[in-house]
Participant: 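I'd like to ask you about the structure that follows.
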Amino acid sequence: RQEPRDETKEKGRAQVSADIAKFNAAQAALDFVKDGMIVGLGTGSTSAHFVRLLGERVRQGLRIKGVPTSEATRNLAEQAGIALLEISQVTSIDVDVDGADEIDPAFRLVKGGGGALLREKIVAVASKSMVVIADESKWVETLGAFPLPVEVTRFGFALTLERVRRVLRGTKCAGDEVVLRTSGKSNEPVITDGGNYSLDAHAQSIPAPEDLGAALKDIAGVVEHGLFLNLARTVILGQAKGAVIKAHESF
Ligand code: 5RP
């Protein structure tokens, strides 16, 4: 007799194996950190593995300073014993290690699922090199299946949301649904570390990420969007055992 499928168990197993892959990616990224470096510390579950592992290295004697990309990461890094710098104290960051929601073969990213895209982008842009760590499910042919996060001012957000929809249509995205990110039972809008709202743009497929990114930046009320273009130099895709390291050919 065939046992009935237990979907909860299957989901649990998939989550555990994704988490092992995230851990393996984070571990492989340690090789990119050298003594004396200033290191951008990303946000999310994969970055959290990296921060804890980096903390272990610091306890073993590695001398680095971290620049966190969110208050959550700041707390985690403090617990891990990593010395931190404010972004205002640095002119340049040696290496930024951060996760991603999607990565395409041109190393273009969708980020911001964890709501930290503004600080993540400021840190990535200030870094000499960006190393992306992710489980291999994040590698996609075309960006857009994961809803694109867009950080917007609270003032006039409904108007901004409509403009974002128009821009999705104008840049030939497959979908144009845009929703305000909320949480909790009472569906309160999520407030970012920067005090803004977050929209999730269900583009489904983004045929021209550069065009979409430029058009979003042009909307008054958009603070930043989650397309990270021309920033990642290295992508580390964690697997059940070990990780695959990909280097961008033009860097
Ligand atoms: C947070 C991010 C994260 O890097 C992204 O959401 C990936 O998260 P995870 O490592 O938990 O899969 O962009 O704003």
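Start at 1 and go down the list; that is how both ligands and their atoms are numbered. Just so it is clear, the structure is predicted and the values come from calculations on it, not from any experiment. In this chain, numbering begins with 1 at the start of the sequence shown.
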Participant: Under 4.0 Å from a heavy atom of A116: give me the atoms of ligand 1 that qualify, with their elements.
Facilitator: 14 (O)
Participant: Do me a favour and list the nearest non-hydrogen protein atom to atom 6 (O) of ligand 1 with residue, atom name and distance?
Facilitator: D101 OD1, 2.6 Å
Participant: Grab the two heavy atoms, one from L161 and one from L180, that are nearest each other, plus how far apart they are.
Facilitator: CD1-N, 4.2 Å
Participant: Could you list the atoms of ligand 1 found under 4.0 angstrom from a heavy atom of K138?
Facilitator: 7 (C), 9 (P), 12 (O)
Participant: At less than 4.0 angstrom from any non-hydrogen atom of G99, what atoms of ligand 1 do you find?
Facilitator: 4 (O)
Participant: Which residue pairs satisfy the ring-ring contact (aromatic ring centres under 6.0 Å, His included) criterion with at least one member in residues 11-44, sequence neighbours excluded?
Facilitator: F23-H49
Participant: Roughly how far, to the nearest 0.5 Å, is CG of L216 from CG of L227?
Facilitator: 7.0 Å
Participant: Looking at D98, T43, D193, which hits side chain to side chain donor-acceptor pair (under 3.5 Å) with T69?
Facilitator: T43
Participant: Should the heavy atoms of other residues, nucleotides or ligands under 6.0 Å from CZ of R63 be counted, would the total exceed 12?
Facilitator: no
Participant: Less than 4.0 Å is my threshold; does some heavy atom of G112 fall inside it relative to ligand 1?
Facilitator: yes
Participant: What protein heavy atom sits nearest atom 11 (O) of ligand 1, and how far away is it?
Facilitator: S45 OG, 2.5 Å
Participant: Taking only heavy atoms of K22, which atoms of ligand 1 are found under 4.0 Å from at least one of them?
Facilitator: 9 (P), 11 (O), 12 (O)
Participant: If we only count heavy atoms from C-beta on, is the V152 to N196 side-chain gap below 4.5 Å?
Facilitator: no
Participant: Number the atoms of ligand 1 from 1 as they appear, then name those within less than 4.0 Å of a heavy atom of D98, with their elements.
Facilitator: 4 (O)
Participant: Check whether any N or O atom of G44, backbone or side chain, sits under 3.5 Å from an N or O atom of ligand 1, and answer yes or no.
Facilitator: no
Participant: Could you check atom 3 (C) of ligand 1 against the protein and tell me its nearest heavy-atom contact, residue, atom and distance included?
Facilitator: T43 O, 3.2 Å
Participant: Is the CZ atom of R74 crowded by more than 12 outside heavy atoms at less than 6.0 Å?
Facilitator: yes
Participant: State whether the shortest distance between N or O atoms of S47 and N or O atoms of ligand 1 falls below 3.5 angstrom.
Facilitator: no
Participant: How does D135 reach ligand 1, if at all, at less than 4.0 Å between non-hydrogen atoms: by side chain, backbone, both, or neither?
Facilitator: neither
Participant: Can you figure out which of E120, R119, K111 has its heavy atom closest to atom 1 (C) of ligand 1?
Facilitator: E120
Participant: What protein heavy atom sits nearest atom 10 (O) of ligand 1, and how far off is it?
Facilitator: T46 OG1, 2.5 Å
Participant: Do D96 side-chain atoms and S127 backbone N/O form a donor-acceptor pair below 3.5 Å?
Facilitator: no
Participant: Answer whether the closest heavy-atom distance between the side chains of F50 and I236 falls below 4.5 Å.
Facilitator: no
Participant: Pull out every atom of ligand 1 sitting under 4.0 Å from any heavy atom of G113, numbered as shown with elements.
Facilitator: 6 (O), 13 (O), 14 (O)
Participant: Supply the atom-to-atom distance T234 OG1 to K246 NZ, rounded to the nearest 0.5 angstrom.
Facilitator: 12.0 Å
Participant: Going by the closest heavy atom to atom 7 (C) of ligand 1, which one wins out of A100, G115, G226?
Facilitator: A100
